[in-house]
Protein chains: 2
Amino acid sequence: MNRRRKSPEETRASLVEATVKLILGQGFAATRVDEICREAGVTKGAFFHHFASKEDIGKAAIDWWGRMGDRVYSPAWSDDGRDPLTRLNQMLEIMHSFTERPDPCVCVVGMMSQEYGQTDTPYRECCQQELDNWTKQVAKLLAEAKKKHRPGTRFDPLTVANFLNSLWQGSMLIAKTQGQPRLIQDNLAIARSYLLTLFPGQADRLRHRKPKTKLNQTS
Amino acid sequence: MNRRRKSPEETRASLVEATVKLILGQGFAATRVDEICREAGVTKGAFFHHFASKEDIGKAAIDWWGRMGDRVYSPAWSDDGRDPLTRLNQMLEIMHSFTERPDPCVCVVGMMSQEYGQTDTPYRECCQQELDNWTKQVAKLLAEAKKKHRPGTRFDPLTVANFLNSLWQGSMLIAKTQGQPRLIQDNLAIARSYLLTLFPGQADRLRHRKPKTKLNQTS
DNA sequence: TGTTACATACCAACTAGTTTGAATGAATCG
DNA sequence: CGATTCATTCAAACTAGTTGGTATGTAACA
């Protein structure tokens, strides 16, 4: 029998990905090491060879999620010379696209923040870092937009970025309990309409491309 | 020694309140029955006399939180003939007041929704009910306001109520990881400004009474 | 005197982490 | 080029501590 069925990197990756999957579904505290091993198709020997503890893989899962986020958002976040509002709009499109995937729209950082946000565990700092990363990227876009287009109202980019982050996390929280991503899409539409009040006259740049869901329907 | 130190109702209540406290700090999955007993100052015998299982007290904690919410929000939610926008504004004031308390601004329903929103546990349905209750109350206020004041934009009361709920839950989630409630206050200010776009000209009704934190400061 | 409301001691199942050893492949040596 | 060494990578069995829950006895009240 071939004992080493794949490269150690693949084994490690499959363990982290299994952890991410389980966190998304039931949180980290409720996730057992044995469960992670079963999901990854390896034994505990492999687990504790690659990770010193359960805590260790928890931190790895947060980091993995953060790096994946960087990749997914990079088309909007990376400064390629396009208008910052166009890029902000693209970010909202990317967020919208999450709701159209087969798997539920949930977030590892949101889960871990909720579970450990008030504890002394290292997860707290890890989550804070990832949330901070997201917020800073969005704040940068908003600051650039503010410089380029004279905003209609005074606003602090970081405050608005925090608002978008809160709305995003809260949307996923409520939507998953309701079992339908529609609420997230509606909230993204409201976020758009709010951003439009900050940048009046930029409706063309901040318009949702695929109008599957109408914003603010019914009178 | 007096074995029965207080009434059984008090014992039961202290167990539920201890559970609520522990959930708020570390979530329910990470909370041990022994911990609840220690916090409540009773033994396991008392616990399992009043509650059939850990799951049982989990549901009781959600319900307890929901009923407390009803009481706290009742000044704004109960129809006393005042203008619906005034009452909506009062609700935002109440939410703001949570951020000024000594204990961190967190929510049992938010915690449990995050932990069990995608599971088959009975918690999911309990949380859904409480979230639904909150949303329906807010939607009612918005619907009444819509009837009384001609809104500036078309909007669905339930959609906007869900937006406020999402923002509220997300704010608590992010703020507790950051360790400061300021973010929540800023988000409430943004919520106000958004509601003002729905009801233009009602700035006097939707203004924050204690202007400790300015909305959208810095240019 | 019977029922309620617990306290105490206990247990079976589970959980994170350990130990031991074997299969593997790469490096080293004859 | 083939044999040998050796660290890496993991499987399987095991362990100490924890956890939800139970069995039993008893003090207080009605």
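Computed from heavy atoms alone, side chains included, the values below leave out hydrogens, waters and symmetry copies. Throughout, protein chains are lettered first and strands after them, A, B, ... in sequence-line order, and every chain is numbered starting at 1.
Distance B:His50 NE2 to C:dT4 P: 12 Å, rounded to the nearest Å. Rounding to whole angstrom units, CD of residue A:Glu10 and P of D:dT8 are separated by 20 Å. In this structure, A:Phe47 atom CZ and D:dC14 atom P are separated by 22 Å, rounded to whole Å. Across the protein-nucleic acid pair, A:His49 atom NE2 and C:dT24 atom P stand 16 Å apart, rounded to whole Å. In this structure, A:Arg12 atom CZ and D:dC10 atom P are separated by 12 Å, rounded to whole Å. Rounded to an integer number of Å, the gap from CG of B:Asp34 to P of D:dG17 is 17 Å. Going from atom CD of B:Glu55 over to atom C1' of D:dG21 covers 14 Å, rounded to whole Å. When rounded to the nearest whole Å, the span between CG of B:Asp56 and P of D:dT22 equals 12 Å.
Of the candidates C:dC6, C:dT18, D:dG20, D:dG20 carries the atom nearest the B:Arg32 side chain, counting heavy atoms from C-beta on. Taking the side chain of A:Lys54 as heavy atoms from C-beta on, and the options C:dC6, C:dA16, D:dC10, the nearest nucleotide is C:dA16. Checking C:dA16, D:dA11, D:dG21 against the side-chain heavy atoms of A:Phe48 singles out C:dA16 as nearest. Between D:dA12, C:dC6, C:dA16, one nucleotide has an atom nearer to the side chain of A:Val33 than all others, and that is C:dA16. Distance from the side chain of B:Thr11 is smallest to C:dC6 among D:dC10, C:dC6, C:dA7.
Interatomic distance, B:Leu188 CG to B:Leu164 CG, rounded to the nearest 0.5 Å: 9.0 Å.
Of the candidates A:Lys140, A:Lys146, A:Lys136, A:Pro157 forms a side chain to side chain contact (heavy atoms under 4.5 Å, CB included) with just one, namely A:Lys146. A side chain to side chain contact (heavy atoms under 4.5 Å, CB included) with A:Gln169 holds for exactly one of B:Thr177, B:Leu167, B:Leu173; it is B:Leu173.
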*Start with the C-alpha gap between B:Gln26 and A:Thr119, add the side-chain angles, then the distance that decides, and say whether side-chain hydrogen bond (donor to acceptor under 3.5 Å, both in side chains) holds.*
CA-CA 7 Å; B:Gln26 58 189 25; A:Thr119 65; over 6 Å; no
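You'll find the side chain of A:Phe51 reaches within 4.5 Å of the side chain of A:Val16, heavy atoms only.
For C:dA16, the base has a donor-acceptor partner in the side chain of A:Lys44 [N/O atoms by modelled type, under 3.5 angstrom].
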